[in-house]
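Comments concern the structure below.
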Amino acid sequence: MKLHVVVEQDEAGYFVAEVPALPGCLSQGKTRDEAIGNVKDAIEGWLEVMEAKQKVDVERMVEVVV
């Protein structure tokens with residue numbers, strides 16, 4: 001799965017990584033690489049929570065490439 005991640009440095013010098021396609025999915029780190037690694041964990045957790053809320057019917061699922 002490919003997702004766009006926006007990484008910005010905040011006023012305190014930390015790097016904040018946010019996934020616009022997944023509302024509320026973000027993380028941070030002291031370095032850009034650490035923030036990216038942390039947001040990967042956040043993405044996995046976000047997907048697990050969403051899947052637990054509603055099971056995915058693979059027969060109704062389609063893949064769309066834009």
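These numbers were taken from a predicted model, which means no experiment stands behind them.
Put simply, Ile36 and Leu47 are part of the same group of oily side chains (I, L, V, M, F, W, Y) that touch within less than 4.5 Å, one to the next. Taken together through direct or relayed side-chain contacts under 4.5 Å among Ile, Leu, Val, Met, Phe, Trp and Tyr, Met50 and Met1 form part of one hydrophobic cluster. Cluster annotation: Val7 and Ile43 are assigned to the same hydrophobic cluster (Ile/Leu/Val/Met/Phe/Trp/Tyr, side-chain heavy-atom contacts under 4.5 Å, transitive).
Pro20 and Val6 get closest at one heavy-atom pair: CG-CG2, 3.9 Å. Leu26 and Ala42 make their closest contact through O-CB, 4.0 Å (heavy atoms, listed as atom of the first residue, atom of the second, distance).
Looking only at distances, no side-chain donor or acceptor of Trp46 sits under 3.5 Å from a matching main-chain atom of Asp41. Side-chain N or O atoms of Asn38 include none that pairs as donor or acceptor with a backbone N or O of Ser27 at under 3.5 Å.
Gln9 CD: more than 12 foreign heavy atoms inside a 6.0 Å radius.
With a 4.5 Å cut-off on side-chain heavy atoms, Tyr14 and Lys30 count as touching. When side chains are defined from C-beta on, Leu22 counts as touching Leu3, because their heavy atoms get closer than 4.5 Å.
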